[in-house]
Amino acid sequence: QVQLVESGGGLVQPGGSLRLACAASGGTFSRSAMGWYRQAPGKERELVVSISKFGVTNYADSEKGRFTVSRDNAKNTVYLHMNNLKPEDTAVYYCKIPNGPQDYWGQGTQVTVST
C-alpha cells in the first residue's frame, strides 16, 4: 500500500534551517502532485506549499523566500527546505499526495523553533 513517511524534524533555533523529507513507497510518485502541510497546537492544519504534477509550486505567502521544495526521484522523496525559521513555524509537518477522496498522508514530523 502507499505509505508516506516524513522525517527531518527537530529542534532548531530561530533563524536556523531544517530539511524535511517525505519518502513515498507503494507507487511511483515522480510526476504526482503533492503538498506540505503543518498543524500547530490548537490550530487547523494549513497548507505550506503545494506542487503540481508539472512541478509548479504554490507557497503560502508567509513562507515565500524561506521554504523551497525539491524532488529526488531516485529516492522517491520530496524535500522541504526551510530557512530562516521562526517560532511561528513550530508545528507538526505533514506531506500529502492527492488521491481523490482518499488522499495519502504521512504521520508527520515535529518541527520546533525555539531558543
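Note that the numbering runs from 1 along the sequence shown for the chain.
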Visitor: Between CZ of Arg71 and CD1 of Ile51, what distance do you get to the nearest 0.5 Å?
Guide: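 Those atoms lie 4.5 Å apart.
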Visitor: Return the set of residues passing side chain to side chain contact (heavy atoms under 4.5 Å, CB included) with Gln3 (not counting sequence neighbours), or none when no residue passes.
Guide: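 Scan of Gln3 (side chain to side chain contact (heavy atoms under 4.5 Å, CB included), adjacent residues dropped) gives Val5, Ser25.
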Visitor: Could you state the interatomic distance from CG (Leu85) to CG (Leu18), rounded to the nearest 0.5 Å?
Guide: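 Rounded to the nearest 0.5 Å, the CG-CG separation comes out at 5.5 Å.
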Visitor: Please table the atom pairs, donor to acceptor, closer than 3.5 Å between any side-chain atom in residues 108-115 and protein atoms at least two apart or in another chain.
Guide:
from   : atom 1 : to     : atom 2 : distance (Å)
Thr109 : OG1    : Gly9   : N      : 3.1
Gln110 : NE2    : Ala91  : O      : 3.4
Gln110 : NE2    : Thr112 : OG1    : 3.4

Visitor: Which residues pass the side chain to side chain contact (heavy atoms under 4.5 Å, CB included) test with Lys86, not counting sequence neighbours?
Guide: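 Only Arg66, Asn84, Glu88, Asp89 meet the side chain to side chain contact (heavy atoms under 4.5 Å, CB included) criterion with Lys86.
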Visitor: Suppose we screen for side chain to side chain donor-acceptor pair (under 3.5 Å). Which residues come up paired with Asn83, at least two apart in sequence or across chains?
Guide: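 Counting only residues at least two positions away or on another chain, Asn83 forms a side chain to side chain donor-acceptor pair (under 3.5 Å) with Ser17.
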Visitor: Could you state the interatomic distance from OG1 (Thr77) to CG (Leu20), rounded to the nearest 0.5 Å?
Guide: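 Those atoms lie 12.5 Å apart.
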Visitor: Could you state whether Val92 and Leu80 fall into the same hydrophobic cluster, counting links through intermediate Ile, Leu, Val, Met, Phe, Trp or Tyr residues with side-chain heavy atoms under 4.5 angstrom apart?
Guide: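 In one cluster with Val92: Leu80, no.
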Visitor: Can you list every pair that meets side chain to side chain donor-acceptor pair (under 3.5 Å) and has a residue in residues 93-106, with sequence neighbours left out?
Guide: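 Side chain to side chain donor-acceptor pair (under 3.5 Å) check on residues 93-106 returns Tyr37-Lys96, Arg38-Tyr93, Asn99-Tyr104.
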Visitor: Any chain of hydrophobic side-chain contacts (each under 4.5 Å) joining Leu47 to Trp36?
Guide: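 Unlinked, Leu47 and Trp36 end up in two clusters.
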Visitor: Hey, are the side chains of Val78 and Phe29 touching, using non-hydrogen atoms and a 4.5 Å cut-off?
Guide: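 They are not in side-chain contact.
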Visitor: I need the Arg19 CZ to Met82 CE distance, nearest 0.5 Å.
Guide: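 If I round to the nearest 0.5 Å, the distance is 11.5 Å.
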Visitor: Scan for ring pair (Phe, Tyr, Trp, His ring centres under 6.0 Å) pairs involving residues 48-73, sequence neighbours excluded, and state none if there are none.
Guide: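 Every candidate ring pair (Phe, Tyr, Trp, His ring centres under 6.0 Å) pair involving residues 48-73 fails, so no pair, neighbours aside, qualifies.
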Visitor: Any chance you could measure Lys75, atom NZ, to Cys22, atom SG, to the nearest 0.5 Å?
Guide: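 Result: 14.0 Å between the selected atoms.
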